[in-house]
Amino acid sequence: MAKIDFNDAEQRHAFWHSSAHLMAQAVKRLYPEVQLGTGPAKDKGFFYDFYREKAFSADDLQAIEEEMGKIVKEHLPIERFELSREEAKKLMQEKGENFKLELIDLIPEGETISFYQQGEFVDLCAGPHLENTQQIQAFKLLQTGGAYWHNDATKPMLQRIFGIAYPDKKMLKKHLDELEEARKRDHNKIGRELEYFTTVDYIGQGLPILLPKGYKLFQILQRFVEDEEERRGYQHTRTPLMAKADLYKISGHWYHYRDGMFIIGDEANEDEVLALRPMTCPFQFQAYLTRTRSYRDLPLRYAETSTLFRNESSGEMHGLIRLRQFTISEGHLIVTPEQLEDEFKKSVELAQFMLKTMGLEEDVSYRFSKWDQNDRAKYIGSPEEWERVQQEMFRILTHMDIDFEEADGEAAFYGPKLDIQIKNVFGKEDTLITVQIDFQLAKKFEMEYIDREGNKQNPYIIHRTSIGCYERTMALLLEKYAGALPLWMSPEQARVLPISDKHLEAAQALTDQLKAAGLRATLDGRNEKVGKKIKDAQNEKVPYMLVMGDQEIADGTVAVRSRKEGQLGTLPLAELITKLQTEDKEKLR
RNA sequence: GCCACUGUGGCUCAGGGGUAGAGCAAUUCACUCGUAAUGAAUAGGUCGUGAGUUCGAUUCUCACCAGUGGCUCCA
């Protein structure tokens with residue numbers, strides 16, 4: 001039997017795919033009434049969807065694991081065979097696999113219909129697979145969850161079981177240990193422990209409280225972003241958090257986004273109906289509309305640190321990543337067609353600069369999000385316009401030095417997007433940053449400029465964010481650094497630790513001097529042993545600990561300890577301040 | 001919204017139909033300490049919320065709220 005090369009993506013894939021079949025075989029043995037959905041390999045691991053009235057319990061999972069172990073020991077060969085469409089349907093009918101029957105109907109005419117069999121278990125499947133069940137020597141079922149048939153919320157919900165498998169126990173243990181480690185970085189855990197944020201049940205879902213450390217980080221990022229934007233030719237606005245329904249009717253949000261908005265007042269009662277803003281675009285457009293614009297005014301770059309409200313459905317909220325109220329580094333660029341490419345590139349470059357400075361540039365991937373031409377109700381504009389703008393955007397993207405994937409059906413309702421994606425500790429992907437080309441809203445809002453020939457033209461609009469939503473970005477930073485943020489982002493950069501109460505006064509003076517030098521310093525004036533103070537500061541991820549005792553006071557120095565490097569010896573105060581200021585300004589690690 | 005799981009003092013958790021405990025953390029006093037875990041004392045919980053069953057519920061039932069994982073949706 002061929003040995004599996006786990007570094008080979010295809011072999012790994014086949015391994016996990018066969019693991020899914022192994023699990024399905026065990027499930028069918030234990031619960032014959034279960035109907036099979038589908039069971040593919042994932043990036044890491046596998047899952048299989050089953051139709052069953054009851055969800056699988058933890059005890060069920062254990063029983064399934066045990067049954068899988070038995071099947072492995074049976075050394076069942078895995079064999080492929082092909083059937084005609086009629087034979088295939090007959091077989092699946094006999095087995096009562098109604099979902100598989102649906103799948104057969106989806107296989108295009110002329111394509112071969114293949115099955116894989118191991119022992120009594122047969123599954124409709126394109127493969128490829130392992131040769132024998134005994135190759136799967138180590139596995140673990142990790143969790144269950146509901147999943148709609150065909151990923152469609154109108155279809156029945158199946159029970160999905162997730163698992164991981166490896167050719168040997170060592171590899172499995174390594175994977176499980178890594179999972180454990182990743183969980184320890186979960187921003188939702190450390191962000192609360194380190195007191196960046198909290199939630200309160202009687203405030204509500206998706207409405208976190210940023211505690212002082214959380215707000216400090218927010219503020220540091222906001223100042224950094226706004227300064228950088230200003231340097232790059234942006235002007236900042238501050239626009240209302242709500243508007244009359246009329247505004248959203250012009251933009252189309254009222255019709256395309258209504259379920260996502262918090263609406264105040266009732267049209268039926270002829271109230272004045274207002275809605276909290278789910279995005280900033282129509283507000284900033286009003287800034288553009290204050291006077292007649294010439295091509296000489298363009299590009300016009302508006303930015304805003306903008307708080308938005310979206311009525312996400314209840315199951316969606318997650319830590320700081322998915323919220324009902326959040327604040328985004330919003331911006332809109334009003335450009336002529338000739339400026340589109342350059343301004344688009346600059347927008348992406350600004351985002352990349354932000355990612356690089358935060359240390360996240362290695363962790364993101366790029367997605368060119370296009371419309372779904374089979375679902376036109378979701379979008380405004382004609383198919384011809386969509387094709388034209390998407391081609392234009394594709395052209396711009398290929399001129400840039402980025403690898404991107406294309407995704408259908410991920411566009412905004414008014415235009416295609418470049419999404420910068422990032423994964424959290426659980427491997428779940430979210431959009432961190434987005435740059436979008438909008439060829440629709442300028443027309444709707446009658447935004448125009450006078451071109452060289454004196455003719456009125458609709459500009460293009462680039463919707464973009466430089467750092468994304470602050471809350472989400474903060475979440476990913478906390479996970480990236482496991483709470484130990486680089487100095488420039490640390491809410492508390494240095495903590496002064498007096499050896500005893502005797503040294504409190506000198507320690508206070510040192511703290512004040514550091515603050516005067518623009519550093520974020522605090523004093524631990526507790527009546528505790530210095531060892532304990534150091535330990536606490538380490539746990540709270542403070543980058544620098546400054547110990548003050550008789551020796552230091554006599555010498556006019558400070559004993560410096562770094563979280564990363566341990567004892568750094570004693571430094572004269574002026575030298576310490578220079579060191580910290582230098583590191584603070586560096587930003588890049 | 002759907003499928004599940006969870007909810008006992010700041011944290012980790014124990015307990016169990018008769019109105020609650022432990023360790024750590026906290027506070028005060030003593031000690032004034034050079035890399036946490038000395039001594040003494042104190043405080044802190046209507047056991048997520050509401051209703052039902054019961055003589056009595058934190059413990060049983062139901063509903064709701066919130067947190068978490070998955071699906072759908074989305075920044």
Side-chain angles (χ1 to χ4, degrees), chain A residues 47 49 52-58 142-162 183 186 188-189 192-193 195 198-208 257 259-260 278-280 306 308 310-324 326-330 369 378 409-410 412 417 419-422 426-434 436 463 465 467-473 475 497-504 526-539 545 547-552 559 561 566-567 570:
Chain A
F47 65 81
D49 290 345
R52 188 189 185 215
E53 293 289 316
K54 243 181 86 200
F56 292 99
S57 67
L142 297 171
Q143 58 177 336
T144 59
Y148 296 110
W149 174 237
H150 283 320
N151 285 340
D152 181 342
T154 64
K155 299 261 163 59
M157 179 158 275
L158 310 185
Q159 303 299 327
R160 179 169 294 181
I161 303 179
F162 293 88
R183 270 183 240 283
D186 180 2
N188 210 354
K189 182 173 160 51
R192 290 170 196 272
E193 279 172 6
E195 298 187 342
T198 187
T199 51
V200 177
D201 57 3
Y202 32 87
I203 288 181
Q205 283 189 309
L207 300 168
Y257 207 82
D259 289 346
M279 56 276 295
T280 325
S306 176
L308 306 179
R310 297 188 184 178
N311 193 4
E312 303 287 354
S313 35
S314 61
E316 323 291 5
M317 265 62 77
H318 168 67
L320 289 181
I321 288 191
R322 193 76 180 272
L323 302 173
R324 281 191 167 145
F326 55 91
T327 299
I328 184 168
S329 54
E330 183 78 275
S369 298
K378 268 179 74 176
E410 298 287 349
K417 313 191 279 179
D419 292 321
I420 304 183
Q421 304 289 107
I422 192 158
F426 296 107
K428 186 166 175 151
E429 188 175 279
D430 271 300
T431 301
L432 189 64
I433 291 174
T434 177
Q436 315 171 352
H463 302 237
T465 163
I467 207 177
C469 299
Y470 286 93
E471 294 87 348
R472 182 175 285 185
T473 302
L497 316 176
I499 298 273
S500 79
D501 287 357
K502 262 194 330 207
H503 314 106
L504 206 50
R526 292 178 307 162
N527 194 4
E528 293 287 352
K529 289 190 171 179
V530 72
K532 165 131 177 75
K533 292 181 182 176
I534 289 172
K535 185 72 183 174
D536 287 347
Q538 292 268 19
N539 285 340
M545 287 144 271
V547 177
M548 270 305 242
D550 290 333
Q551 196 63 47
E552 289 75 15
R561 188 186 174 87
Q567 300 263 35
T570 59

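Below, read A as the first sequence line, B as the second, and so on, with proteins coming before strands; counting in each chain starts at 1.
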Quiz item: Using a distance-only test with no angle check, is there a side-chain donor-acceptor pair under 3.5 angstrom linking A/Ser369 and A/Glu410?
Solution: no
Quiz item: Should the heavy atoms of other residues, nucleotides or ligands under 6.0 Å from CD of A/Gln551 be counted, would the total exceed 12?
Solution: no
Quiz item: Nearest-Å distance, CZ (A/Arg526) to P (B/rU27)?
Solution: 7 Å
Quiz item: When we call it a touch if two heavy atoms are under 4.0 Å apart, what does A/His318 touch: a base, just sugar-phosphate, or nothing?
Solution: sugar-phosphate
Quiz item: Which part of the nucleic acid, if any, lies within reach of A/Ser314 when heavy atoms closer than 4.0 Å are counted: base, sugar-phosphate only, or nothing?
Solution: base
Exercise. For residues A/Gln436 and A/Ala412, report the shortest heavy-atom separation together with the two atoms involved.
Key: OE1-CB, 4.1 Å
Self-check item: Under-3.5 Å donor-acceptor pair between A/Glu312 side chain and B/rA75 base
Solution: yes
Exercise. Would you indicate what A/Glu195 reaches in the nucleic acid, counting non-hydrogen atoms under 4.0 angstrom: base, sugar-phosphate, or nothing?
Key: nothing
Practice problem: Just compare B/rA36, B/rG69, B/rC74 and give me whichever is closest to any side-chain atom of A/Lys529. | Solution: B/rA36
Quiz item: Looking for any heavy atom pair under 4.0 Å, which part of the strands does A/Gln567 touch: base, sugar-phosphate only, or nothing?
Solution: base
Quiz item: Base, sugar-phosphate, or nothing for A/Phe162, non-hydrogen atoms under 4.0 angstrom?
Solution: sugar-phosphate
Quiz prompt | Donor-acceptor pair (no angle test) under 3.5 Å: A/Glu193 side chain, B/rG10 base | solution = no
Quiz prompt | Nearest-nucleotide comparison on RNA chain B, the residue closer to the 5′ end among A/Ala55 and A/Gly145 | solution = A/Ala55
Quiz item: Does the B/rC33 base have a donor-acceptor partner in the side chain of A/Asn527 within less than 3.5 Å?
Solution: yes
Exercise. Tell me whether the guanidinium CZ or amine NZ of A/Arg52 lies under 6.0 angstrom from the six-membered ring centre of A/Phe56 and within 45° of its axis.
Key: yes
Quiz item: Of the candidate nucleotides B/rU72, B/rA75, B/rU35, which contains the atom at the shortest distance from the side chain of A/Val530?
Solution: B/rU35
Quiz prompt | Nearest to side-chain heavy atoms of A/Asn151, which nucleotide of B/rA37, B/rC71, B/rG69 | solution = B/rC71
Exercise. Give A/Leu497 one of three labels, base, sugar-phosphate or nothing, depending on what nucleic acid heavy atoms sit under 4.0 Å from its own.
Key: nothing
Quiz item: Got a donor-acceptor pair under 3.5 Å from the side chain of A/Arg192 to the base of B/rC11?
Solution: no
Practice problem: Identify whether any heavy atom of A/Ile499 sits under 4.0 Å from a base atom; if not, whether one sits that close to sugar-phosphate; answer base, sugar-phosphate or nothing. | Solution: base
Exercise. In whole angstrom, give me the gap between the C1' atoms of B/rU59 and B/rA20.
Key: 11 Å
Quiz item: Where each residue is assigned the nucleotide of RNA chain B containing its nearest heavy atom, which of A/Phe426 and A/Glu316 is assigned the position nearer the 5′ end?
Solution: A/Phe426
Quiz prompt | Among B/rG69, B/rG70, B/rG34, the one nearest A/Lys428 by side-chain distance | solution = B/rG70
Quiz item: Base, sugar-phosphate, or nothing: which does A/Lys532 touch, judged by heavy atoms less than 4.0 Å apart?
Solution: sugar-phosphate
Quiz item: With distance as the sole criterion, do the side chain of A/Arg160 and the base of B/rC71 form a donor-acceptor contact below 3.5 Å?
Solution: no
Quiz prompt | Under 3.5 Å donor-acceptor, A/Arg160 side chain and A/Tyr148 backbone | solution = no
Quiz item: With distance as the sole criterion, do the side chain of A/Tyr202 and the base of B/rG48 form a donor-acceptor contact below 3.5 Å?
Solution: no
Quiz item: Among the nucleotides B/rU35, B/rG1, B/rU32, which one has an atom lying closest to any side-chain atom of A/Ile534?
Solution: B/rU35
Quiz item: Does B/rG45 have a Watson-Crick or wobble partner in any strand here, with both distances under 3.5 angstrom, and which is it?
Solution: none
Quiz item: With a 4.0 Å cut-off on heavy atoms, is A/Glu471 in touch with a base, just the backbone sugar-phosphate, or nothing at all?
Solution: nothing
Quiz prompt | Worked verdict on A/Leu432 versus A/Arg472 for side-chain contact (heavy atoms from CB on, under 4.5 Å) | solution = CA-CA 7 Å; A/Leu432 189 64; A/Arg472 182 175 285 185; 4.3 Å; yes
Practice problem: May I ask which nucleotide in the shown strands pairs with B/rU59, Watson-Crick or G-U wobble, both distances under 3.5 Å? | Solution: none
Quiz prompt | A/Thr434 side chain, from C-beta outward: closest of B/rG34, B/rA75, B/rU72 | solution = B/rA75
Self-check item: Nucleotide B/rU6, atom P - distance to CZ of A/Arg183 in whole Å
Solution: 16 Å
